[in-house]
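Order of the sequence lines fixes the chain letters, A, B, ..., with proteins taken first and strands second; residue numbering starts at 1 for each chain.
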2 protein chains.
Amino acid sequence: MAHKPPTLEEIAKAAGVSRSTVSRVINDEPNVRPEVRQRVWQVVEAMGYHPNAAARSLVSRRSQTLGVIIPQTVNTVFADPFLPNVLRGIADAANEHKYHLMLSMVSRPLEEDFYRRALRSQMLDGVVILSAFLDDPLIPRLLRDRIPFVTIGRHPHEPAASYVDADNVRGARMATEHLLRQGRRRVATITGPASMIAGLDRREGYQAALREADLPLDENLIAEGDFTEAGGYVAMQQLLLQEPDAVFVANDLMAIGALRAIRQVGRRVPDDVALVGFDDAQIAAYADPPLTTVRQPVYELGDTAINLLVRLIEPVGSLRGYETQDSLRAILPTELVIRASCGAQRRSA
Amino acid sequence: MAHKPPTLEEIAKAAGVSRSTVSRVINDEPNVRPEVRQRVWQVVEAMGYHPNAAARSLVSRRSQTLGVIIPQTVNTVFADPFLPNVLRGIADAANEHKYHLMLSMVSRPLEEDFYRRALRSQMLDGVVILSAFLDDPLIPRLLRDRIPFVTIGRHPHEPAASYVDADNVRGARMATEHLLRQGRRRVATITGPASMIAGLDRREGYQAALREADLPLDENLIAEGDFTEAGGYVAMQQLLLQEPDAVFVANDLMAIGALRAIRQVGRRVPDDVALVGFDDAQIAAYADPPLTTVRQPVYELGDTAINLLVRLIEPVGSLRGYETQDSLRAILPTELVIRASCGAQRRSA
DNA sequence: CGTTATTATGGGAGCGCTCCCAAAACCACT
DNA sequence: AGTGGTTTTGGGAGCGCTCCCATAATAACG
């Protein structure tokens with residue numbers, strides 16, 4: 001790389017054509033003679049030319065960059081291998097669409113700063129937000145500023161918001177039904193916080209399964225957790241007073257805590273209490289007994305988010321997607337992963 | 001936000017001054033009368049002005065953006081809560097220095113594409129690379145193209161490369177010494193792959209501890225793993241033939257595999273075989289028995305990487321850091337986390 | 001071989017900013 | 001009031017590109 005990278009004009013001179021022609025060639029536009037096109041490409045390669053992104057986006061008003069906003073709470077809130085996988089999905093899809101990714105991983109107070117620096121300074125064509133809480137303050141702002149965005153985590157109360165989410169309701173229902181199929185009748189649940197969409201949805205799925213089975217909805221069999229191990233432990237201690245024979249736990253980390261609480265009072269899993277978790281976190285597979293859980297398509301969540309976002313951004317006709325159409329939404333299927341904690345397997349290693 | 005964001009010139013007109021004066025105000029430059037400065041700020045606020053990043057970096061030749069390159073192998077290679085934590089460290093530090101972050105998480109073939117698109121098109125002022133393998137092909141390229149970079153994971157053979165890493169040698173040595181202190185004498189190790197710096201360094205620390213204790217270095221007590229659970233399982237099966245009374249396992253995931261292998265032949269941990277892992281992954285705390293391990297300052301790794309990178313980039317006098325000084329390096333301390341698998345604790349919960 | 005339609009090429013303008021230099025305004029002191 | 005110095009302000013130039021329009025070259029046709 002030369003100390004100063006070559007410019008369009010320099011390539012043009014070297015190739016004996018004009019700036020405009022070189023521009024046409026590198027942008028794959030028509031109306032260039034094949035031989036000229038080829039000659040220009042040769043010079044471009046030889047001189048190691050690459051268009052300056054700043055100049056390009058200054059005039060085209062597009063940065064070819066998408067923002068990814070990850071709340072600081074990511075560690076506690078998202079199940080363990082979640083972030084790497086969702087990021088891979090996001091990165092692969094962005095790459096495919098020739099977009100770059102700008103990462104924002106900041107706490108609430110700094111979020112404001114990022115909002116101004118990156119979004120308002122027109123560095124970003126759109127954003128993907130890992131949004132777990134119902135009342136994310138960013139959503140109304142983005143809506144107001146007409147910035148295209150997709151949330152990972154659904155926002156049912158914002159009709160204009162586009163989102164992608166796992167089918168938490170269905171996943172929770174499958175998990176609960178699975179416990180019922182094992183003959184369990186006092187099925188309790190440890191929910192996530194009511195401030196989180198996933199928490200509510202998984203609770204909803206649990207209740208739907210009971211309703212369908214014509215079982216009573218006993219409020220005493222519902223304990224609210226906070227998605228942490230300690231929270232699961234405490235919630236389980238409380239539930240044990242009700243003597244449930246099975247518990248659907250809204251995430252694996254809490255299930256680990258529940259396991260600890262159950263074992264502490266001398267009960268056995270799954271013999272006395274069957275357990276199903278959610279997320280298929282890494283710990284689930286290595287827990288003792290290995291945890292039956294619900295797997296979400298994490299990679300696909302990221303992948304789909306970007307695909308929706310690009311549809312929102314890229315012009316359809318002369319209009320941008322978000323001007324022509326309603327919000328885009330996708331709910332991806334979840335899948336039950338049967339291991340030992342639910343009692344469906346008889347002794348496995 | 002107006003449909004078309006205001007420009008410098010528009011602010012200038014509204015405030016009754018010139019473009020240059022507004023520029024001085026928003027860049028906090030001297031030589032503006034305080035009353036004018038205040039008036040300009042008012043107009044800026046009122047009109048919701050924010051400087052256009054593309055225009056700025058076009059003329060200043062600085063993007064205020066740093067790249068973060070994460071190899072696709074991140075899932076298997078880096079211990080579980082590693083990525084979120086290192087990213088938080090990176091993000092916080094970048095924020096503090098007013099830099100944006102561009103994320104690249106691509107497989108090898110696409111890495112080339114990213115290299116050209118982002119680095120060559122001058123979108124990036126520098127890059128941080130999560131670099132676990134000794135022979136990372138990106139390093140010589142970055143060196144050649146004189147792009148400022150810092151690797152997370154040391155590269156001992158590249159004298160010009162700047163890096164930050166955990167003190168793997170010392171951590172491994174502490175772990176092994178700890179086992180020796182428990183009275184264990186046949187201490188084996190399961191290493192990481194020899195192609196990875198951390199693998200080699202941890203092996204080196206293990207050997208140093210044995211040497212210091214005047215114990216023989218028995219090659220039969222060294223098994224190479226690949227940092228996966230299955231790899232740890234296989235390696236442990238092999239080691240069991242040598243009847244070790246303790247094993248230092250180079251990461252927690254392999255330690256989980258080792259645990260499984262040990263239990264399978266009816267041996268007990270820590271009574272028959274004591275175990276120490278590395279990384280302090282989430283599974284370590286919840287394993288049965290809880291794993292003694294070595295904690296790395298993951299957040300600080302990210303934080304320090306950015307701080308070094310900024311020192312490399314920002315001008316000292318009129319020269320850029322990487323023109324004036326040698327490479328910058330930092331090795332951060334690791335810490336032994338004592339739990340039950342090493343036999344140092346008598347029964348805990 | 002003109003005349004018109006079509007394709008290929010060149011160059012001006014301008015995106016929104018920073019940098020630089022010249023001009024204006026203000027400030028001492030003689 | 002005059003001189004030299006400093007601080008404050010304004011505007012031109014230009015960063016490297018895309019967009020648009022004018023012109024040149026070529027093709028198509030009577």
Side-chain angles (χ1 to χ4, degrees), chain A residues 1-41 43-44 47-65 117 120-123 125 315 318, chain B residues 1-41 43-44 47-65 117 120-123 125 315 318:
Chain A
M1 185 156 152
H3 211 75
K4 192 184 164 307
T7 70
L8 250 202
E9 205 89 37
E10 286 163 6
I11 300 299
K13 202 170 58 187
V17 294
S18 78
R19 183 169 31 100
S20 306
T21 300
V22 180
S23 175
R24 276 177 203 112
V25 171
I26 62 165
N27 291 308
D28 263 326
E29 278 168 28
N31 299 340
V32 177
R33 263 169 38 231
E35 63 208 78
V36 173
R37 194 180 289 274
Q38 199 196 339
R39 179 156 41 95
V40 170
W41 270 125
V43 177
V44 165
M47 299 182 63
Y49 171 76
H50 234 254
N52 178 300
R56 213 173 223 193
S57 71
L58 175 58
V59 44
S60 68
R61 320 200 129 280
R62 292 297 239 38
S63 62
Q64 290 296 325
T65 301
R117 293 228 320 271
R120 305 293 298 281
S121 58
Q122 305 144 67
M123 307 187 75
D125 294 344
S318 67
Chain B
M1 187 156 150
H3 209 73
K4 192 184 162 307
T7 69
L8 249 201
E9 206 89 36
E10 286 163 7
I11 300 300
K13 202 169 59 188
V17 293
S18 79
R19 183 168 32 96
S20 307
T21 300
V22 179
S23 175
R24 277 177 203 112
V25 171
I26 62 165
N27 290 309
D28 263 326
E29 277 169 29
N31 300 339
V32 178
R33 263 167 40 231
E35 61 207 80
V36 173
R37 194 181 288 274
Q38 199 196 338
R39 177 155 43 96
V40 170
W41 269 125
V43 177
V44 165
M47 298 182 65
Y49 170 76
H50 234 254
N52 179 301
R56 216 175 221 191
S57 73
L58 176 57
V59 44
S60 68
R61 319 200 130 282
R62 291 295 238 43
S63 63
Q64 290 297 328
T65 301
R117 292 228 320 271
R120 307 291 299 280
S121 57
Q122 305 143 66
M123 306 186 77
D125 294 344
S318 67

Side chains of [X] and [Y], heavy atoms from C-beta outward: is any pair under 4.5 Å?
X     : Y     : value
B:Y49 : B:V43 : no
A:E10 : A:T7  : yes
B:V32 : B:T21 : yes

Expressed as a whole number of angstroms, how long is the span from [X]:[atom1] to [N]:[atom2]?
X      : N      : atom1 : atom2 : answer
A:L8   : D:dG16 : CG    : C1'   : 7 Å
B:M123 : D:dC17 : CE    : C1'   : 14 Å
A:R33  : D:dA27 : CZ    : C1'   : 14 Å
B:R61  : C:dC19 : CZ    : C1'   : 13 Å
B:R62  : C:dC19 : CZ    : C1'   : 15 Å
B:L58  : D:dG14 : CG    : P     : 14 Å

Tell me whether the side-chain N/O atoms of [X] come closer than 4.0 Å to OP1 or OP2 in [N].
X     : N      : value
A:S20 : C:dG11 : no
A:K13 : C:dG11 : no
B:T7  : C:dG16 : no
B:K4  : C:dG16 : yes
A:R37 : C:dA8  : no

If I take atom [atom1] from residue [X] and atom [atom2] from residue [Y], how far apart are they, to the nearest 0.5 angstrom?
X      : Y     : atom1 : atom2 : value
A:L58  : B:R56 : CG    : CZ    : 13.5 Å
B:N52  : A:S63 : CG    : OG    : 10.0 Å
A:S20  : A:N31 : OG    : CG    : 12.5 Å
A:M123 : B:H50 : CE    : NE2   : 12.0 Å
B:R37  : B:D28 : CZ    : CG    : 6.0 Å

request  = For A:P34 and for A:R19, locate the closest nucleotide of DNA chain C by heavy-atom distance; then report the residue assigned to the nucleotide nearer the 5' terminus.
outcome  =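 Looking at the nearest nucleotide for each, A:P34 comes out on the 5' side.
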ask   = Mapping A:E9 and B:V32 onto DNA chain D by nearest heavy atom, which one lands closer to the 5' end?
value =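 Checking each residue's closest nucleotide, the 5'-ward one belongs to B:V32.
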ask   = Near DNA chain C, under 4.0 Å by heavy atom, which residues of residues 24-31 of chain A?
value =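 Of all residues in residues 24-31 of chain A, the ones placing a heavy atom under 4.0 Å from DNA chain C are A:R24, A:N31.
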query = Going by heavy atoms closer than 4.0 Å, what residues in residues 50-57 of chain A are next to DNA chain C?
reply =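 Contacts with DNA chain C under 4.0 Å: none.
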query = Side chain of A:N27, backbone of A:E29: donor and acceptor closer than 3.5 Å?
reply =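 Absent.
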task = Give B:S60 one of three labels, base, sugar-phosphate or nothing, depending on what nucleic acid heavy atoms sit under 4.0 Å from its own.
result =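 Touches nothing.
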